[in-house]
Amino acid sequence: MMTNGVVHANVFGIKDWVTPYKISVLALLYEMTASKITLPERRRLNKLILPLQQGPDLTLGQFLQTVEECCPQTAYAVKLRLHEMADGELKDMEYFFSTLPTPFTAFDSEAYKTSVVGLFMRHMLLAYNKLSFSQVYKLYKSLQHYYHTLVADDSEMDLTSTEDTVGDRIDKEELDTPLHESELRGPLSQKQAEYFLARQAYLLKNDENKALKPAALQEELNNMLKFNPDFAEAHYLNYLNSMRVQDIFLSAHSLLHYFDRLILSGSEGKSNGDEGYGRSLRYAALNLASLHCRFGHYQQADLALQEAIRIAQESNDHVCLQHCLSWLYTLEQMKGSDSTVLTEDSVKMAAHFCLPYLASLGIQSLVQQGATQGKTAHKLMDALKDTDILHWKHSLSELIEISLAQTTSIWRMYGKSTMALQQAQLLLNMSSLEPVNFGVQQNNTEAFTVALCHLAELHAEQGLYSAVSEILQHLKEQFPPHSQHAKLWMLCDLKIQFERHMNEGKYLLAEPLVTAISALNKTEGLYRKAQVLKALNRSTEAYNILQRLQVHCEKTKCTEMIIRVMLSTAELHWESSGFSTALPLLLQALALARQHHLQSLASETILHLAFTQLMLGVPEQALSVLHEAIEPVLAHGAIMDKGRALLLTARCQIAAAGFKFAFAAYFSKLNCKERLRDVYYLQAQLHRSLGQTSQSNKSAMLFRLLDQELQSPAPPVSMRL
């Protein structure tokens, strides 16, 4: 079985045997007991022993280099002892085994019989003593070949060292690799197989970047299954690996093989108990349902889920039924249906059967649904606070991370960028409650990806593109393109690039990004395609896309996108049918934003309303409306929104009195030359009306320089927000 990413092999059945690599490990253990080593070096070597014993066989060069990093003196002694055996005679290897400390007598050393080292040495001595003379001779010849391969490699390095000493140097990363990424040659022992599978499963769950690449892991698993096709855990790891590359056929194939082997290997065949093939069948159907859910095969997922529910009900397995109910409301959400009642029932039943993990997941799902349905922030935060108490009580660190990422997203949706920034930083600075194994730092989960993407977007909104580049570079390193969470930062990166090009008026550069965005998110891609078409004055095409997108978003209940589509449609009305026709659409968008407590979108809608009123000749009324939006925009808005709000306020006041153009700095920071051109135009008009000829000429000159640089006709200032 596989529990929390740890494999418990019970069908491999291959005993330990002596290999040249294990003789090298025995030589290391002998030198550790026989020679004097400083305390720091001994600690480093002690940490190295278990991976060396349980991991796959290394080449001698890799092994010695790994030991040398901990203690150069010991590495040299091990190499010398191996040299004595390999360049000597068979009796030298016999003498080495006879001089090893006996686990039953070495009470004061690491080789004591109950220690890890003692058990390993005992297994090796027993395996060696069972060998026939011909087998001992073959082992000795293998040891000679093993050692002389290192000598040959050293000779090649000496010949080429004068040409390139850097290129042939084995760096630390390559030395760490063999412990979990080396090629598995030949059949593994049971412990080696368990260690390899446990390590890879753990890394896939917590730090996919450090696991083997999909193709390499597939090759190793194929090699392992070639020697033992009934190794169930290897089939399960094959399933996880296939999920990484979205291979539906191989994923389903490996998953079914895993449960088939698990059922065949069971010692009991009880159909209604907690063990045996009955339990395996229930969870096989449940896992198959989750697999189809991930790939969007809702009909197949529903059929598999109904099968799992039927078998679980026959077996009276309440835990399995709760997992089925969790996937049932998840499936309904993915279909676009309202699953609130199902989710509430799931939370109640999970609490009744003392299943805190499932209960907490259900509450988090209810919070997510409540946010999209327009529930107030304080109700959602109270619910999350209650779940956080549950998380800390049961040390559910994974759910704590999800809760913080969800809180970040909710504050961002509500337009509270400061609170979103605080929650993201809290998550990124949180220490994990789980034990850190295999060097994993517990920061490569989906929750951390979401938080980092929010940080990147928040910095981009403030024009801090150098910080954005650093965050995205970190994301690319932590989540390579082949990893399961890479799509999140890819979409984030494309959206930031798109907005930057649009701000700078480089519409032709923004247009190719639309295709890439559509591949990752069709809705976002359609919206941005309409934005580009509108900027290129292709209003009819943009309008058709916006109408199609609005119908789709109303079906999927995507309120944020509906409001954005309404605002874009209102802007098209400004340019075509007039400002008065945009008013009903803007009022509808404002009502929807306020109903769902979307402060950022509500403020943006108010800016559009104020601009419409200004164009209709009522600047005083526009100013009174603007006062409602100025404060939240300056507190939480993007730098573009701040500049637009202050520019609009200035234009409204110009219509009544006059104003200083302090907002130009915002557009200058974003290098938004089209907006700066509008600012200089208004400055020139204002100074000329006040009789300030020199200031007017200066602003006019700046306007003319920007106009020549942009090489595009400036739309009337009165037609832009």
Side-chain angles (χ1 to χ4, degrees), residues 1-22 24-25 50-59 62-63 120 123-124 127 142 146 176-245 247 249-266 280 284 287 291 437-438 440 482 484:
M1 293 294 292
M2 181 174 290
T3 308
N4 294 329
V6 180
V7 182
H8 305 285
N10 55 5
V11 295
F12 209 71
I14 299 177
K15 302 299 181 182
D16 285 335
W17 59 81
V18 186
T19 64
Y21 166 72
K22 290 179 180 177
S24 303
V25 177
L50 192 60
L52 289 176
Q53 288 182 14
Q54 295 185 342
D57 289 5
L58 309 179
T59 65
Q62 293 168 340
F63 171 75
F120 174 76
H123 288 166
M124 290 300 101
S142 298
Y146 184 70
D176 291 339
T177 299
L179 295 179
H180 58 89
E181 295 188 6
S182 61
E183 184 180 350
L184 307 182
R185 300 177 181 86
L188 297 177
S189 67
Q190 179 178 345
K191 288 184 178 179
Q192 286 179 321
E194 287 177 358
Y195 182 78
F196 176 78
L197 294 175
R199 184 181 189 88
Q200 292 301 317
Y202 183 87
L203 290 173
L204 286 180
K205 177 177 180 290
N206 294 291
D207 193 352
E208 189 179 343
N209 193 25
K210 293 184 178 179
L212 275 172
K213 299 295 185 292
L217 182 56
Q218 183 68 51
E219 184 181 351
E220 306 298 356
L221 290 171
N222 289 343
N223 187 35
M224 187 181 294
L225 290 170
K226 180 175 67 176
F227 292 101
N228 192 340
D230 295 328
F231 196 6
E233 286 75 11
H235 285 290
Y236 190 82
L237 188 59
N238 205 2
Y239 156 69
L240 296 178
N241 189 45
S242 303
M243 288 290 293
R244 297 164 71 189
V245 293
D247 188 338
F249 174 77
L250 190 56
S251 298
H253 180 77
S254 300
L255 184 64
L256 293 174
H257 270 291
Y258 166 68
F259 282 104
D260 287 345
R261 266 58 180 188
L262 202 64
I263 292 168
L264 292 173
S265 65
S280 296
N287 276 272
L291 173 65
N437 297 326
F438 305 120
V440 175
H482 67 268
Q484 57 182 330

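Just the heavy atoms: all of them, side chains too, but no hydrogens, waters or symmetry mates, feed the values below. All of these numbers come straight from a predicted model, not from anything done at the bench.
Looking at Arg261, its side chain does come within 3.5 Å of a backbone N or O of Pro229 through a donor-acceptor pair.
Here Leu255 contributes atom CG and Leu240 contributes atom CG; the two are 9.0 Å apart, rounded to the nearest 0.5 Å. In this structure, the separation between NZ on Lys22 and CG on Leu52 is 12.5 Å, given to the nearest 0.5 Å. Leu221 contributes atom CG, which lies 13.0 Å from atom NZ of Lys226 (distance to the nearest 0.5 angstrom).
Scored by the ring-ring contact (aromatic ring centres under 6.0 Å, His included) test, Tyr239 finds Tyr236 as partners (sequence neighbours excluded). Residues satisfying the ring-ring contact (aromatic ring centres under 6.0 Å, His included) test with His257, not counting sequence neighbours, are His235, His253.
Side-chain contact between Leu204 and Leu237 is present, with heavy atoms from C-beta onward closer than 4.5 Å. Using a 4.5 Å heavy-atom threshold, the side chains of Asn238 and Phe231 count as separate.
A donor-acceptor pair shorter than 3.5 Å cannot be found between the side chains of Asn223 and Glu219.
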Begin with the C-alpha distance, continue with both residues' side-chain angles, and end with the deciding distance and a verdict on side-chain contact (heavy atoms from CB on, under 4.5 Å) for Phe120 and Val25.
CA-CA 10 Å; Phe120 174 76; Val25 177; 3.8 Å; yes
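In terms of heavy atoms, Ala127 sits closest to Val18 at CB-CG2, 3.9 Å. When all heavy atoms of Leu225 and Ala234 are compared, the closest pair comes out as CD2-CB, 3.6 Å.
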